[in-house]
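What follows is a short report on a single structure.
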There are 2 protein chains.
Amino acid sequence: MKKPTLVDVGKESGVSAITVSRALRDPDRVSIALRERVFAAIEKLGYVPDAAAATLASNRSSVIAVLVPSFSNYVFSDVLAGASNVIEGTKYSVQIGNTGYSALTEEAMIPKFLTLKPAGIIIAGVDQTEKSRKMLAGADCPVVQIMDTSDDPIDVIVGFSNFLASAEAVAHMIEQGFRRIAFVGTRMDPRTQQRLAGYRSIMEAHGLFDEALLVTTPQKSSVEIGRHLLGSLLEKVPDCDGVFCNNDDVAVGVALECQRRNIRIPQDMGICGFNDLGTTSQMQPAITSVNTPRAEIGARAAQYILDRNTGLPQPENRNINLGFALKVRASTQRKT
Amino acid sequence: MKKPTLVDVGKESGVSAITVSRALRDPDRVSIALRERVFAAIEKLGYVPDAAAATLASNRSSVIAVLVPSFSNYVFSDVLAGASNVIEGTKYSVQIGNTGYSALTEEAMIPKFLTLKPAGIIIAGVDQTEKSRKMLAGADCPVVQIMDTSDDPIDVIVGFSNFLASAEAVAHMIEQGFRRIAFVGTRMDPRTQQRLAGYRSIMEAHGLFDEALLVTTPQKSSVEIGRHLLGSLLEKVPDCDGVFCNNDDVAVGVALECQRRNIRIPQDMGICGFNDLGTTSQMQPAITSVNTPRAEIGARAAQYILDRNTGLPQPENRNINLGFALKVRASTQRKT
DNA sequence: TTGACAGATGATTGCGCAATCATTTAGGTG
DNA sequence: CACCTAAATGATTGCGCAATCATCTGTCAA
């Protein structure tokens, strides 16, 4: 009644255990006749390989580690979904870690994940501690940073420039005649900081920057917080005529609060979101947002790991920039 | 330069390897003096246990398997977040599987996860195939079904009744004077089917059921699809005066489309969502929804697995019903 | 003082597999 | 026909740990 092992399958098909192992991992090196007998025996016995034993013997597992700051941030859910689509159906599996937006938590988690001898590691952002970077660089597996760009990735990075994305969005708003454009930011993680930097750089270039226009909170983003923050903003800066939000939820909240206050969009207030999660495009008026390739980032990161594990070399370009797309909608269109 | 093993730690601290192992797993069985020396050596050498070797030797891993139908369905993101909160910081880790809403895919995935010798399995729903049920029942670890209730769980089930939740919501709408209440359903997975059954049972009890009021699509839910479905619905049933949606995104879409068409909420149309994901409560008017304890379900499921692994017995009540909360808001309030 | 006993520690073994090296077989060459 | 080569298969070993059983030490009662 015990779980069959390679030896059992070997006996059943009249070959040695190692031939069974080869038939499974590298079928071309086993003759067709044997291969078929082996597969028949596997089927008959219901043999399933023991991952722990394989990992111990080969010093290499089929686990792909994914470290993200949060699971309740749906941006990372989409990344995970994209990665999962590529990975499901292969021999690889996904083990997840939640760093809670803390570089130190992340640093503590990395050794644990490395002892899994993972087939690859996907990790959010570029703001690892120096120690984390060293551990990852020394890891004997592909490492993919995601959601950002970098000239100096640990191994490979797949993402887009948060700085340029927000810069383009803000430039668009200025071009449409908005002047007192606020930055409304939640959580203030490294990527939000970069969006702030992009905003700031464009605003300063046009002589429009004003500290008073910055409204931030460490809380996580939500529609509700968007509504609150618009209230605080208007108290502080009554002549504000535009809002660039670091997140779509916040943008929807800002829009709903504008409607409640009879502030016309875009005549009195321009609104731009970030991530283009779906609701913004359906609002009335439709809200401009920066579409980010979240699922594709996950998929490309996973595909890179799969490729490296089949022997493909590191590409010459280790900075895979998938870009973004500013979706201009009614909420920021004042010119025709 | 090699990674230190238990033997190395033992040498460093002047004890045998097995004592080191004991100091880590069951410190009480090692004298305080030795324990301290061992921990000092572990620290000094940077020893990290090898999970694969431990799994192989003990036939038991620290992996908790979580099988959900989708990662892009944010309901399951919240479940995962809840579970993760409980698990992070312990020795356990989370490995995820995406069944893609297919019981057969699920059935194929279960053997793979079982060979991990997981510390526990969390699996969505009760609609496993007979074969899946058998495999899970035979698994040498706790198994937690989630997102539903059942008198006959495989091991334990943590969730709420989708049937009762929708029944209560629909009863509330009827009580508020709505009569031609449509059911708008996306995806039509087992839980949506149960919501439909709850809707149907109440509608029939009041003599209000009408096949024409059912609007469903196999597509995944979104705000956009909600808008489209309201269009189809009104074409088919112009006298429709209420909509019960299987999902908040759909409800928001329905509400936005009503606003576009100048259909007054709730005077001309009552709207109720499901899950209470956050946006509904902020809409104007605020949309009624059924709040579901997604994160708590994940957390309780994880906690049960942790408890069982520390030796706690199976509880007498294996059906842990966390309930739901109908959040009555303006979108369905016609009476005072 | 002796023996019994419990607590603390150690030695041995095997988990299931893949890496490594060894052996066999078939096919081709001069 | 002897010889060589490459392909196909097998035997042995060890990965790092925990289970099991064995041994040692000290304490206490009779």
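We use all heavy atoms of the structure for the numbers below, so side chains are in, but hydrogens, waters and symmetry mates are not. Proteins get letters first, then strands, A, B, ... in listed order; numbering begins at 1 in each.
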| Counting only side-chain N and O atoms of S21(A), is one of them less than 4.0 Å from OP1 or OP2 of dA18(C)? | yes
| query | Does a sphere of radius 6.0 Å around CG in N317(A) hold more than 12 heavy atoms from other residues, nucleotides or ligands, not counting ones at 6.0 Å or beyond? | reply | yes
| field | dC15(D) OP1/OP2 closer than 4.0 Å to side-chain N/O of T5(B) | value | no
| query | Which listed nucleotide (dA8(D), dT9(C), dC17(D)) is nearest to the side chain of S31(A)? | reply | dA8(D)
| said: Using a 4.0 Å heavy-atom cut-off, does V30(A) contact any base of the nucleic acid, only the sugar-phosphate backbone, or nothing at all? | reply: sugar-phosphate
| field | Side-chain N,O (S58(A)) to OP1/OP2 (dA18(C)) below 4.0 Å | value | no
| note | Between CG of L24(A) and P of dA19(C) the distance, given in whole Å, is 13 Å
| said: If you compare every side-chain N and O of T55(A) against the phosphate oxygens of dC15(D) (OP1, OP2), does one of them come in below 4.0 Å? | reply: no
| message | Can you measure K117(B) atom NZ to dC17(C) atom C1' for me and round it to whole angstrom units? | response | 11 Å
| request: Starting at atom CG of D50(B), determine the distance to atom P of dC15(C), rounded to an integer number of angstrom. | output: 18 Å
| query | Within the structure shown, what part of the strands sits under 4.0 Å from L6(B) by heavy-atom distance: base, sugar-phosphate, or nothing? | reply | sugar-phosphate
| field | For P69(A) against R191(A), the heavy-atom pair lying closest together | value | CG-NH2, 3.7 Å
| task | For L56(A), report the nucleic acid contact type (base, sugar-phosphate, nothing); a contact means any heavy atom under 4.0 Å. | result | base
| message | OP1 or OP2 of dG10(D) versus the side-chain N and O atoms of T19(A): is any pair under 4.0 Å? | response | yes
| task | Look at the side-chain N and O atoms of R25(A) and state whether any lies under 4.0 Å from the OP1 or OP2 oxygen of dA19(C). | result | yes
| message | Please pick, from dC17(C), dT9(D), dA18(D), the nucleotide with the shortest atom-to-atom distance to any side-chain atom of A53(A). | response | dC17(C)
| In whole angstroms, how far is the P atom of dT20(D) from the CD1 atom of I18(B)? | 11 Å
| query | Got a sec: does the CG of D151(B) have more than 12 other heavy atoms crowding it under 6.0 Å? | reply | no
